> 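The structure's right below; bear with me while I get my questions together.
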Amino acid sequence: MVENRYSKNDRIVEISGGRGHSGGSAASTLVASVQVDQPRVRLETLWQERVMSGQPASGQGLALVRHAWRNISQSILTTGITVLTVATAVLLLTLILVLLQNLRGSLTGVREEYLVSIFLKESIPSEASVGSQSDDVQNLSAELNAHSEVSKVTFRSKQQALRDFRSQLGPRAGLLEGLDQKNPLPASLEVRLRPEMASEEQFAKLVTRYRGHPLVEEVQYSEHSLRQIGSALRLFENVALGLVLIGVLSSIFLIATTITLALYAHREEIEIMRLVGATHSRIRAPYLIEGIFEGLLGGALGLLCSGGVYSGIQGPLAQSEVLRGVVQNMDFIGPLTIITILSGAAIVGALGSVLAVHRFSRF
Amino acid sequence: MINLAAVQKVYPPDQVALRSVDLRIGDGDFVFVAGASGAGKSTLLRLLFAAERASSGQVIVGGRNLASIDSNGIAALRREIGVVFQDFKLLPRRSVIDNVAFGLEVQGVARRERLVMARKMLAAVGLEDRAAALPQMLSGGEQQRVAIARALIHRPKLIIADEPTGNLDVAMTNTVFELLLEANAAGVTVLVASHNLSIIEELNLRTVVLDRGKIIGDFERPGGRE
């Protein structure tokens, strides 16, 4: 058993050996001059107190967050640059989403105006004079209505067609004088598609199906305009996707670089953590938290900036003659999209961190 | 506690650090590993806390076969061991008390409790008043006492100390050994690599002598006294 003897002033300590070799007695005498002011706490007492306290191991989560925060505060500059990069990517993404969302909305409105006009043959009886439909036409109308993509089928009699034409001509309607007796305009079925399904393909499908129908003279729709709108939207979506991909990849790369720098700056600490028995996950967790934090902070900052940009440009755009129709009802992204963007930013941060830790652990 | 059988360690391409080492150390023993520089002392110690793997032979520490241990097993082993180095290996950006508490931090002990324990541990090594200082503000002896406090705070079953007094003067050397002996008296197995023959002779405890990777002597009482 160790026996220490302290003299109050000179702090002479005399130790009579340890337990030493099993079965051995006190080994030898070691005399040391120790710079202590009070008799020190005995190790045995200390360890017993720890056992007596019986407090369960806890606070690991908070310790990891504190550890991550310490890392961040030690590299404010690189963290700041990373957060700004993520914020820029999110700003870009959000503005693109706002534009896409509103452009899609506007195009849907435009598409709603598009109809497939199925012109009926002159030989179809009964409708010419009274404006009512024959059984055949009613059957065709019912058949069209049965298609899931069709929202409404309206019968337009020859007389109605003439009336519509007159109203289109306005003051020059006199040109149509005398046509009441011999109306050359055909009766038609006007088919309106559901806005969400009103794609170029759906229109084309409908046209192909009914072009050879025995009751049908001709099927028409504004193929060219629809194709142009569809192509423009697709081009915009592809460019937007490319820009977003570049933003996401550069964010991951930059977060990975920041975390790698942090890992190298703390490699001594990591080595010591390993030596005192920290598990891999305990060592990696603060860096994962750091990456997620940088992603989230960048995401939040980017969203705030995009909100600012949105408010700033909405007024001037609404004044624009060209864009008035599109911008008048321009909405910002909804809460679900905001949550998705923030989650995405956190995932980007986590991915950057995982990449950095993976790269670091190879060395 | 420790059982080494026919342990061989070869560093590429063909530098043999340990040759056919057989060694048994029981629970609660205090053992010196002595030998000149390059004799294999540090390699032997590093095998025991799985910082290195043996090229061949069997290394068992605390009932764990280190040949087949995975990373979680290594972490669990090290949580039962306290390691003390000649160069202290303290965290330069953490205060003295945080360095001492670090051993408990990785074990998930709540901050409040680990700081209370660390403060008491600092009192035990006579550094209570340096709790807030950074390691570089301390003398070598004080830094080593901090390192020992960190190694002891979680009541390890085994202390491995690699030249713990290599950079210290006589007074500090004695202080360090006082702490190691006290831990040993409380039942902790202590293994110390040292080329300080005077302290080995002074303490007169079991000493294993290595030379060019081979154990050439295992002395119960190198000082000759009982």
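Note that these values count all heavy atoms, side chains included, but never hydrogens, waters or copies made by symmetry. Just so you know, these numbers come straight off a predicted model, no measurement behind them. Chain letters run A, B, ... following the sequence lines, proteins first, then strands; residues in each count from 1.
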> Give, for atom CZ of B:Phe88 and atom CD1 of A:Ile272, the distance between the pair rounded to the nearest 0.5 Å.
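Taking CZ in B:Phe88 and CD1 in A:Ile272, the distance rounds to 12.5 Å.
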> Which bit of B:Arg112 is near chain A, if near means a heavy-atom gap under 4.5 Å: side chain, backbone, both or neither?
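Neither part, no heavy atoms under 4.5 Å.
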> Could you work out, with side-chain hydrogen bond (donor to acceptor under 3.5 Å, both in side chains) as the rule, every residue matching A:Ser251, not counting sequence neighbours?
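Once residues adjacent in sequence are excluded, A:Ser251 has no partner under the side-chain hydrogen bond (donor to acceptor under 3.5 Å, both in side chains) criterion.
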> Assess whether atom OH of B:Tyr11 is packed by more than 12 heavy atoms of other residues, nucleotides or ligands within 6.0 Å.
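Above 12, so yes.
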> For B:Glu142, give me all partners under side-chain hydrogen bond (donor to acceptor under 3.5 Å, both in side chains), at least two apart in sequence or on another chain.
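side-chain hydrogen bond (donor to acceptor under 3.5 Å, both in side chains) list for B:Glu142, sorted by chain: B:Arg130, B:Ser139.
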> Could you check if a side-chain atom of A:Glu268 sits within less than 4.5 angstrom of a side-chain atom of B:Lys89, using non-hydrogen atoms only?
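SC-SC contact between A:Glu268 and B:Lys89 ruled out.
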> Where does A:Gln74 contact chain B at under 4.5 Å (heavy atoms): side chain, backbone, both or neither?
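Answer is side chain: those atoms of A:Gln74 sit under 4.5 Å from chain B.
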> Kindly indicate whether the side chain of A:His266, heavy atoms from C-beta on, has any atom under 4.5 Å from the side chain of B:Arg93.
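Yes, their side chains come closer than 4.5 Å.
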> With sequence neighbours left out, write down each residue that passes ring pair (Phe, Tyr, Trp, His ring centres under 6.0 Å) with A:Tyr287, or none if nothing qualifies.
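Scan of A:Tyr287 (ring pair (Phe, Tyr, Trp, His ring centres under 6.0 Å), adjacent residues dropped) gives none.
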> So, A:Arg66 and B:Glu105, do they make that salt bridge, N to O below 4.0 Å?
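Here A:Arg66 does not pair with B:Glu105 in a salt bridge, since their nearest N and O are not under 4.0 Å apart.
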> Would you find more than 12 non-hydrogen atoms of other residues, nucleotides or ligands less than 6.0 Å from B:Arg119 atom CZ?
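Atom CZ in B:Arg119 is not crowded, with 12 or fewer foreign heavy atoms closer than 6.0 Å.
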> Taking only heavy atoms into account, what residues of residues 273-281 of chain A are found under 4.5 Å from chain B?
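A:Met273, A:Arg274, A:Leu275, A:Val276, A:Gly277, A:Ala278, A:Thr279, A:His280, listed by number.
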> Where on A:Ala265 is there a heavy atom nearer than 4.5 Å to chain B: the side chain, the backbone, both, or neither?
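Backbone plus side chain of A:Ala265, per the 4.5 Å heavy-atom cut-off to chain B.
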> Quick check on B:Leu90 against chain A: is it the side chain, the backbone, both or neither that has a heavy atom closer than 4.5 Å?
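Just its backbone gets close to chain A.
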